[in-house]
Amino acid sequence: MADRLMSLSLDQQTLLEYRAILENASVGILFTRDRKVLHCNPRFNEIFGYAEGELQGQPGRVFYLSDTDYTRMGEVAGPRLTRGEPVSLEFTMRRKDDTPIDCHMRIKPVNPHNSAEGTIWIFEDITERKKAESALQQLIHRQDAILENASVGIMFTRNGLIELTNPRFDAILGWPPGALLGQKTRVFFSSDEDHQAFAEHAGATLASGALMEAEWLNSRQDGSQVWCRHLAKAVTTTADNRTTIWITEDISEKKAAADALLQAHQVLEQRVEERTRELQDAHQRMQVVIDSSTLAIYTQDQQGRVLSWNTAAEKMFNLLRQETLDDPSVFSQRLETPELQALREQAFEGGKVVNTELQLNLPGGQALELSLNIVALQGQAGQAYGVLTMASDISERKANERKVAFMAYHDALTGLPNRQLLEDRLEVAMAQADRAKTKVSLLFLDLDNFKRINDTLGHAVGDSLLQEVAQRLRTCVRESDTISRQGGDEFVVLLNALKDKDAALPVIAKLLDRLDEPFYTDGHELATSASIGVTVYPDDGQDFDTLRKKADMAMYRAKEAGRNTYRYFNEAMNAEAKEHLHLRNGLRRALERNELVLHYQPQIDLPTGRIFGAEALIRWNHPDLGMVSPARFIPVAEDSGLIVPIGDWVMSEACRQAMSWYRQGLPALLMAVNVSVAQFNRGNLEEALVKVLLESGMNPQNLELELTESLLIQNVDHVLAALKRLKGLGVQLAIDDFGTGYSSLSYLKRFDIDKLKIDQSFVRDLVADPEDTAIVNAIIQMAKSMGLKTIAEGVETPDIVKLLQRFGCDEAQGFFFARPMPADAFASFVSSHPQTNTPLA
Ligand code: C2E
Ligand code: MG
Ligand code: MG
């Protein structure tokens, strides 16, 4: 260069100035020729790490890191320099210590027309700049990477225009990548109002430089909506440059989740509300049920303090709800019992329902029979905290049960023990008697004319009478004795612990006495009496049935003996009873086997001695017993009801026989037939009679029915009507055995009777017994005055006949004239004695 300068003949001054420039230049300057260093300035040495003058003459290769670099530089710069053009380039060169150095270099030939004159290299160390550039590059890369990969949307706006968006932002708002650039932010809003609202919300914050936060429902390109959360901050806020960075998240899902959560929460709340309401309803309903229940329902804690108390409990225990709830001591004071307490504990600890029945005494003294169900109350965790009690008042049911039990052993009408209880008591009494060697007596008591009272005055009066009788019987015996009603008017009295059989006598006497007194029932004065049969244990039997049956038998004997008396049982009665049974069984077949026959006893007209009639008297030709008297079997027939067919047969046979005699040529005779009361009560006498009259062709005038007084003391109206109808048929009516019953003559007037048959008990001793004489005479006279005929039965002697004739008795019948005889014998008798009067009188 110095050569060049010299060749240009520069003046000294200018040379010095160049030199100063070279020495102080801030860039490295290098002169080369023929690929060798001519010289360089200090800055160059400094940049490349060489000492002053060290590079002089060094090949250019030393500045390159490799031959390749050297060659490349030659290829790049060589041709241009040869053409005289400057070259400007950046290249990484080599320092003296081999370290690389980034350099910016301008190379030009010293003489553009001849590059062989050398080149000037001006070097700038751009390592720092390079470093900064690379750092910036890196920053930009990173920023891009961030933008590209950010999971949030990022947008830059400048003065309301979109300057930059990252892919995520585009995606969130539904735009193709980059499509938003240059658009206005209005595109994110569904309407101007919405946009305005957002601007108002965000504007002030952004203007203040603070971080703006907003959650907004933005619009996508396709119009769909997306919930976004925006964070925004102004980067610059000068008037002409308002750059803002937006960081945007799609919170639709979060929102949806939150919404769902909210909704779920709301649903849950609603459900809870509904459930609560349901529970309240259920509770309310339950409360209504509990309060309207007839069961007392209440709850208590473990200490017995009342927690709840329903309306029925108020009534049942006569304790108000408020009282029991307010004061825990009320329940314990007024109702608590050790038994209740124990039951509660049992339910509480056992965890099971305790069912029981118990009696509870209320403070007022009233006793309640309760059925209790007690159950433990369990809390949420399953632990018991108290008990619930349901109580029903079963007092009525219990009373009914007791009543039923009582009724099972007592007579409903009189309240007396019944047969069952009597039997039980007898068992006990017999066992006691065995131990104490004492006796027990069974009295079978039957009222004498109860049936008549019942029939005439009605069942109500009958019932009252029975109750009165029961009352009187009670006053006659000891506490330890038993009176029982067996049904109807039959009572059985059990007397126990008697020292002997006679010890019963005072009691029997008392019973008869008391029952003989008149009863005043329902405005009626009633006279009755009793017949009593007596058996003794162990003498008469070992069990109830035997003792009772025998007492019954003895009672019949008392009745037969004229009533209002008693009979002890004896074995003869038993034999008779056996016979009674025997007869009864045989009697059933007697009719079918024609074992029954009629005998006839003549009846005499006393003034003329003429046979005017016959009484038909039945006989039983028994296969084993021979001729059985009606006195033996008629009562059996009456008892069994067989008297009805037998009676019908008697009437029919008697009429048939009468007509047969008449046809034989005998005079028309009056046929007297005995009619039992039982035939009135149990059969249809009228109908049977009509049938007999029609079948036999008998004139009713020639038939006489012999009735007994006992018939007349039955239901008066009924008998009156029946007798009237019989009379209406044209038959004659006579009262048999007159004088033994209770009927007075005046009483008889009411009945349409034709004849009185004076009982043979008065006739038998008529001559010897003045009393009988008086009675018979009185009967005859009174009958006459009433227009009734009289006939005496049982006439056995001529003296009696004479006396009867004197008194004016109309007719007679008896052994004196003839005994009862079979039909053919009777026919012969009548034929041979057309007039019995003269020889007999
Ligand atoms: P009754 O109707 O008073 O009959 C008279 C009874 O006195 C008869 O007894 C007769 O034989 C008996 N007798 C007649 N004259 C004399 C006499 O001079 N001295 C004595 N000591 N007795 C005399 P009989 O035939 O044994 O009948 C007894 C009773 O049986 C009857 O008493 C009557 O109540 C009843 N009877 C007889 N036949 C029938 C009948 O066909 N139907 C019904 N329901 N009862 C009858
Ligand atoms: Mg008779
Ligand atoms: Mg008689």
Side-chain angles (χ1 to χ4, degrees), residues 560 583 587 590-591 595-604 613-621 626-658 670-683 685 688-689 692 703-711 732-741 755-767 776 779 790-801 804 811-823 825-826 829 836 840:
E560 284 165 11
L583 290 179
L587 205 50
L591 257 177
E595 289 168 11
L596 299 176
V597 286
L598 291 183
H599 283 193
Y600 301 91
Q601 187 174 29
Q603 295 184 329
I604 311 298
E615 179 178 7
L617 294 160
I618 196 167
R619 304 287 177 262
W620 180 8
N621 199 355
M627 254 337 157
V628 182
S629 134
R632 269 172 79 188
F633 71 86
I634 288 292
V636 178
E638 284 174 339
D639 254 13
S640 62
L642 280 169
I643 190 65
V644 174
I646 291 173
D648 290 352
W649 176 82
V650 169
M651 273 196 302
S652 147
E653 175 60 17
C655 290
R656 190 200 58 75
Q657 188 59 64
L670 181 75
M671 179 61 78
V673 173
N674 293 285
V675 174
S676 154
V677 176
Q679 285 173 266
F680 269 87
N681 295 339
R682 301 168 87 158
L685 188 62
L689 192 58
V692 163
L703 183 62
E704 185 171 76
L705 303 183
E706 291 192 8
L707 314 170
T708 56
E709 280 177 289
S710 58
L711 174 71
Q732 310 282 319
L733 298 180
I735 300 296
D736 203 353
D737 305 335
F738 187 78
T740 55
K755 194 186 283 181
L756 298 182
K757 197 167 188 181
I758 302 165
D759 190 73
Q760 50 180 292
S761 60
F762 303 108
V763 177
R764 196 181 303 131
D765 298 322
L766 183 62
V767 178
V776 170
I779 294 173
T790 46
I791 178 168
E793 64 176 5
V795 176
E796 293 183 358
T797 64
D799 299 348
I800 298 172
V801 177
L804 288 169
E811 302 161 356
Q813 177 185 341
F815 295 169
F816 173 66
F817 305 106
R819 291 188 171 254
M821 58 193 101
F826 182 84
F829 183 82
T836 51
L840 296 174

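In this text the structure is predicted, and so the values were computed from the model without any measurement. Whatever order the structure lists them in is the order used to number ligands and atoms, beginning at 1.
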Check: So, S652 side chain and D648 main chain: donor-acceptor pair closer than 3.5 Å or not?
Finding: no

Item checked: Whether E793 has an N, O or S atom under 2.8 Å from the Mg ion (ligand 3) -> yes

Checklist line | ligand 1 contact on D737 by region, counting heavy-atom pairs under 4.0 Å | finding: side chain

Note to self: Side chains of D799 and T797: any donor to acceptor distance under 3.5 Å?
What the structure shows: no

Notebook entry, point to check: Where does E615 meet ligand 1, judged by heavy-atom distances below 4.0 Å: at the side chain, the backbone, both, or neither?
Noted result: side chain

Note to self: Quick check on contacts: which atoms of ligand 1 are under 4.0 angstrom from a heavy atom of G814?
What the structure shows: 15 (N), 18 (O)

Margin query: Test of understanding: given a 4.0 Å heavy-atom threshold, classify the contact between Q760 and ligand 1 as side chain, backbone, both, or neither.
Written below: side chain

Next item on the list: Decide, counting backbone as well as side-chain atoms, whether D737 has an N, O or S atom less than 2.8 Å from the Mg ion (ligand 3).
Entry: yes

Notebook entry, point to check: For ligand 1, which part of E793 has a heavy atom less than 4.0 Å away: the side chain, the backbone, both, or neither?
Noted result: side chain

Notebook entry, point to check: In terms of ring plane angle, is the pair F826 and Y600 parallel, tilted or perpendicular, where the classes change at 30° and 60°?
Noted result: tilted

Margin query: Within rounding of 10°, what is the angle whose vertex is the Mg ion (ligand 2) and whose arms end at OE1 of E706 and OE2 of E615?
Written below: 90°

Next item on the list: Name the closest protein heavy atom to atom 4 (O) of ligand 1, giving the residue it belongs to and the distance to 0.1 Å.
Entry: L617 CD2, 3.5 Å

Note to self: What protein heavy atom lies closest to atom 13 (N) of ligand 1? Include the residue and the distance to one decimal.
What the structure shows: F815 CE2, 3.7 Å

Check: Which of the atoms of ligand 1 are close to D736, meaning less than 4.0 Å from one of its heavy atoms?
Finding: 1 (P), 2 (O), 3 (O)

Next item on the list: With heavy atoms under 4.0 Å as the rule, classify the contact between Q601 and ligand 1 as side chain, backbone, both or neither.
Entry: side chain

Note to self: Just by distance, no angles: are the side chains of E615 and Q601 close enough, under 3.5 Å, to form a donor-acceptor pair?
What the structure shows: no

Item checked: Atoms of ligand 1 close to P630 [distance to a heavy atom under 4.0 angstrom, numbered from 1] -> 24 (P), 25 (O), 26 (O), 27 (O), 28 (C), 30 (O), 36 (N), 37 (C)

Note to self: Is atom 32 (O) of ligand 1 touching the protein, meaning some protein heavy atom lies under 4.0 Å away?
What the structure shows: no

Notebook entry, point to check: Is the closest side-chain heavy-atom distance between L689 and L703 below 4.5 Å?
Noted result: yes

Next item on the list: Would you indicate whether the side-chain heavy atoms of R619 and L598 approach each other to under 4.5 Å?
Entry: no

Item checked: atom 27 (O) of ligand 1 within contact range, any protein heavy atom under 4.0 Å -> yes

Note to self: As an exercise, identify every atom of ligand 1 less than 4.0 angstrom from a heavy atom of V795.
What the structure shows: 18 (O)

Item checked: Distance-only N or O hit between ligand 1 and I618, under 3.5 Å -> yes

Check: Of the protein's non-hydrogen atoms, which lies at the shortest distance from atom 44 (N) of ligand 1, and what is that distance?
Finding: N674 O, 3.6 Å

Check: What is the name of the N/O/S atom in D736 that sits closest to the Mg ion (ligand 3)?
Finding: OD1

Check: Backbone, side chain, both or neither: what part of R619 comes under 4.0 angstrom of ligand 1, heavy atoms only?
Finding: side chain

Next item on the list: Return the residue, atom name and 0.1 Å-rounded distance of the protein heavy atom closest to atom 11 (O) of ligand 1.
Entry: P820 CG, 3.4 Å

Next item on the list: Using a 4.5 Å cut-off on heavy atoms from C-beta on, say whether the side chain of L707 contacts that of F680.
Entry: yes

Note to self: Counting only heavy atoms closer than 4.0 Å, does ligand 1 sit against the backbone of V650, its side chain, both, or neither?
What the structure shows: side chain

